[in-house]
A.B. asks: 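Before we start, here is the structure in question, set down as structure tokens.
No experiment lies behind these values; they were computed from the predicted model shown. The analysis underlying the following values was restricted to heavy atoms, covering all of them including side chains, and did not include hydrogens, waters or symmetry mates.
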Amino acid sequence: MKLAVSPGRPLMGIVSLPGDKSISHRAALFASLAEGESHIQNFLIAGVTRAMLQALAELEVTWSLQDTTLTIQGQGIMKRDIFSNPVNLYCGNSGTTMRLLAGGIAACGIPAILDGSSGLRRRPMKRIVEPLQAMGVPIQASPGYTAPLQIAARPQGPRLRPINYTLPIASAQVKSCLLLAALGADGPTVLREPGPSRDHTEIMLRSMGVSIIKDQQPTGDPGGIYHQTRISPPASLRLSPLNILIPGDFSSAAFLIVAATITPGSEINLIGVGLNPTRTGLLDALQSMGADIQVRNKRESHGEPLGDLLVRYAPLRGTRISGSLVIRAIDEIPVLAIAAAFARGKTIVSQADELRHKESNRIGDLSRELHQLGIEIEETQDGFIINGGQDLRGGTVTPHGDHRLAMALAVAGLAARDTIVIDGAEIISESFPEFSASLRDLGAAMHIEQ
């Protein structure tokens, strides 16, 4: 499928975002580990979450969807004798699905084989395999520490070993995998990260009755800080069911925020957007560039902050992005690069080498596509440098099988000199199926070519 986006029209209107992808993933899996019936409102229905739901069905978890409300009959931290043979679980293109499932299955002691698309098979899994093995999980990866992952059955009786572990990079997926596995351990597990990764797992597990303490510890280097999480598994292995409303997805909102910011004459309202501070680095980065974004009606839903965003067009200037801001904006950096392309001056993104290990090589692939559109961009090992304020020419680009690259390149078309065509735009449905319709409702000139 090809998506053609043309410039020339301001964006005006109100949008309610679909549910947060990260929270939807977690809610579905965590509810299956609870005891009793969970109700999850504004659940994101997209390719990546369908992979999670299909995996839960293979694990004989009963669930139903009515509109965007997901109901799950939780089985508890499941008995190990339910499955005598390994369960084959296909995770599609979703690294979150694979890593979170690995942790949940490890806690339960279920034998399983976790596999996925060719793209997912290229993604690194060593960062979960080694700490899980240290906990006593009988898990093996394929050569190169990639999927498929094989988890053998664990003998009845002993629980997993608690660990005291420092993650080499801040990663919410790795941390969440290990926190889930720690539910099956026989004592507290302590995890340390070099930065503030998103904390949706901690918020949700606390609401289910799990003791989790977060603090900061010195690293030993001058001024260095570890972000530490200590989890004490419930002695009864019982989790309370969920009854939650999921906030709108900030990562989806990011594309509309940048779209309005770079398109002259635009003014849009985004309603009920999740504003967890571990996720909103893009707001800080854009505001440092001169963006006109107002946060209104701040509130909270089941421990997660949310609010409404009023976004108007504004001229931008270049900025520098590194350190903890990269961690808090890691998924939004592709669309931030589009904002940088329209900004006056130089934008430098560094310490973002994790982008090379996402659904695509988001540093290399994004650099090539933007260069093709006429942007002066220099790829570096851990980021890129963009000389902004240039005219983007039209043309046909490819997202390299990456939903975030596809949407970022589509946003560029709203303020380019001519139409930009995204070849392979069907990948957008992996995380934001309503993307094209939302932009069209706001007034964007775009059409689909099969």
A.B. asks: About how many Å separate CG of D20 and OG of S22, when rounded to the nearest 0.5 Å?
C.D. replies: 5.0 Å
A.B. asks: Between D292 and R312, does any side-chain N to carboxylate O distance fall below 4.0 Å?
C.D. replies: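 Answer for the salt bridge query: yes.
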A.B. asks: Nearest 0.5 Å please: distance from the CE atom of M52 over to the CH2 atom of W63.
C.D. replies: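 Rounded to the nearest 0.5 Å, the CE-CH2 separation comes out at 12.5 Å.
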A.B. asks: So which heavy atom on L180 is nearest to which on L100, and how close?
C.D. replies: CD1-O, 3.4 Å
A.B. asks: Kindly indicate whether the side chain of V5, heavy atoms from C-beta on, has any atom under 4.5 Å from the side chain of L414.
C.D. replies: yes
A.B. asks: To the nearest 0.5 Å, what is the distance between NE2 on H227 and NZ on K175?
C.D. replies: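 H227 NE2 to K175 NZ: 9.5 Å, rounded to 0.5 Å.
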A.B. asks: Compare all side-chain heavy atoms of L11 with those of L256 and state whether any distance is below 4.5 angstrom.
C.D. replies: no
A.B. asks: Please enumerate all residues that pass side-chain contact (heavy atoms from CB on, under 4.5 Å) together with S322, with sequence neighbours excluded.
C.D. replies: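 In terms of side-chain contact (heavy atoms from CB on, under 4.5 Å), with neighbours along the sequence ignored, S322 is linked to S350, Q351.
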A.B. asks: Between S117 and G92, is there a donor-acceptor pair closer than 3.5 Å when you use the side chain of the first and the backbone of the second?
C.D. replies: yes
A.B. asks: Please evaluate residues E332 and S251 with respect to the criterion side chain to side chain donor-acceptor pair (under 3.5 Å), reporting the C-alpha separation (whole Å), side-chain torsions for both, the decisive distance (0.1 Å), and the verdict.
C.D. replies: CA-CA 6 Å; E332 290 72 51; S251 292; 2.5 Å; yes
A.B. asks: How about R121 and P148: do any of their side-chain heavy atoms sit closer than 4.5 Å?
C.D. replies: yes
A.B. asks: Check whether any side-chain heavy atom of I105 lies under 4.5 Å from a side-chain heavy atom of L89, and answer yes or no.
C.D. replies: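 A side-chain contact under 4.5 Å exists here.
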A.B. asks: Do I244 and E304 touch side chain to side chain, with heavy atoms closer than 4.5 Å?
C.D. replies: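 Counting from C-beta outward, I244 and E304 never come under 4.5 Å.
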A.B. asks: Taking NZ, NE, NH1 and NH2 as the nitrogens, is one of them in E379 or R356 under 4.0 Å from a carboxylate oxygen of the other?
C.D. replies: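 A salt bridge is present here (some side-chain N lies under 4.0 Å from a carboxylate O).
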A.B. asks: With a 4.5 Å limit on heavy-atom distance, are the side chains of N276 and F250 in contact?
C.D. replies: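 Not in contact.
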A.B. asks: Determine whether a donor-acceptor pair (N or O, by modelled atom type, separation under 3.5 Å) exists between the side chain of E193 and the backbone of S171.
C.D. replies: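 Pair found, side chain donor or acceptor close to backbone of S171.
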A.B. asks: Between D331 and K21, is the closest basic N to carboxylate O distance under 4.0 Å?
C.D. replies: no
A.B. asks: Considering the options R279, R26, H25, which one meets the side chain to side chain donor-acceptor pair (under 3.5 Å) requirement together with H200?
C.D. replies: R279
A.B. asks: Which atoms form the tightest heavy-atom contact between G19 and L44, and what is the distance?
C.D. replies: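 G19 and L44 have their closest heavy atoms at O-CB, 3.3 Å.
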A.B. asks: If you define the side chain from C-beta out and look only at heavy atoms, does anything of F255 sit under 4.5 Å from S438?
C.D. replies: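 With C-beta onward as the side chain, the pair stays apart.
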A.B. asks: Between E426 and M1 (side chain of the first, backbone of the second, donor and acceptor by atom type, cut-off under 3.5 Å), is there such a pair?
C.D. replies: yes
A.B. asks: Taking atom CG of N42 and atom CG of L70, what is their separation to the nearest 0.5 Å?
C.D. replies: 12.0 Å
A.B. asks: Side-chain contact test, heavy atoms from C-beta onward, threshold under 4.5 Å: evaluate it for L283 versus L275 and give yes or no.
C.D. replies: yes
A.B. asks: Keeping S176 on the side-chain end and Q173 on the backbone end, is there a donor-acceptor pair under 3.5 Å?
C.D. replies: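 Flag not set: sc S176 to bb Q173 has no pair under 3.5 Å.
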A.B. asks: Just verifying a value: how many Å separate D186 CG and R159 CZ, rounded to the nearest 0.5 Å?
C.D. replies: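 D186 CG to R159 CZ: 6.5 Å, rounded to 0.5 Å.
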A.B. asks: Above 12 or not: heavy atoms from other molecules or residues under 6.0 Å from CZ of R440?
C.D. replies: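 Enclosed: over 12 neighbouring heavy atoms sit under 6.0 Å from CZ of R440.
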A.B. asks: Can you see which heavy atom on A106 is nearest to which on V137, and at what distance?
C.D. replies: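 The pair with the smallest heavy-atom distance is CB-CG2, 3.6 Å.
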A.B. asks: Between R230 and D215, does any side-chain N to carboxylate O distance fall below 4.0 Å?
C.D. replies: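 Salt bridge: no.
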A.B. asks: To the nearest 0.5 angstrom, please state how far the OG1 atom of T49 sits from the CD atom of Q54.
C.D. replies: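 So the OG1 of T49 and the CD of Q54 are separated by 12.0 Å.
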A.B. asks: Taking atom types as modelled, find out whether D308 and N269 have a side-chain donor-acceptor pair closer than 3.5 angstrom.
C.D. replies: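 No, N269 and D308 have no side-chain donor paired with an acceptor closer than 3.5 Å.
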A.B. asks: How far apart are the closest heavy atoms of A28 and I72, and which atoms are they?
C.D. replies: O-CD1, 3.3 Å
A.B. asks: If you compare all heavy atoms of I327 against all heavy atoms of P196, which two are closest, and at what distance to 0.1 Å?
C.D. replies: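 Closest heavy-atom pair between I327 and P196: CG2-O, 3.7 Å.
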A.B. asks: Indicate the atoms forming the closest heavy-atom contact of T201 with L179, along with that distance.
C.D. replies: CG2-CD1, 3.8 Å
A.B. asks: Hey, does the side chain of S94 reach the backbone of T97 with a donor-acceptor pair shorter than 3.5 angstrom?
C.D. replies: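 It does hold such a pair.
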A.B. asks: Should the pair E354-R127 be classified as a salt bridge under the 4.0 Å nitrogen-to-oxygen rule?
C.D. replies: yes
A.B. asks: Answer yes if the side chains of E369 and T398 hold a donor-acceptor pair under 3.5 Å, and no otherwise.
C.D. replies: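 Side-chain D/A pair, E369 to T398: absent.
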A.B. asks: What residues, two or more places apart in sequence or in another chain, satisfy side chain to side chain donor-acceptor pair (under 3.5 Å) together with S360?
C.D. replies: D402
A.B. asks: Can you confirm whether more than 12 heavy atoms, excluding those of R320, are under 6.0 Å from its CZ atom?
C.D. replies: no
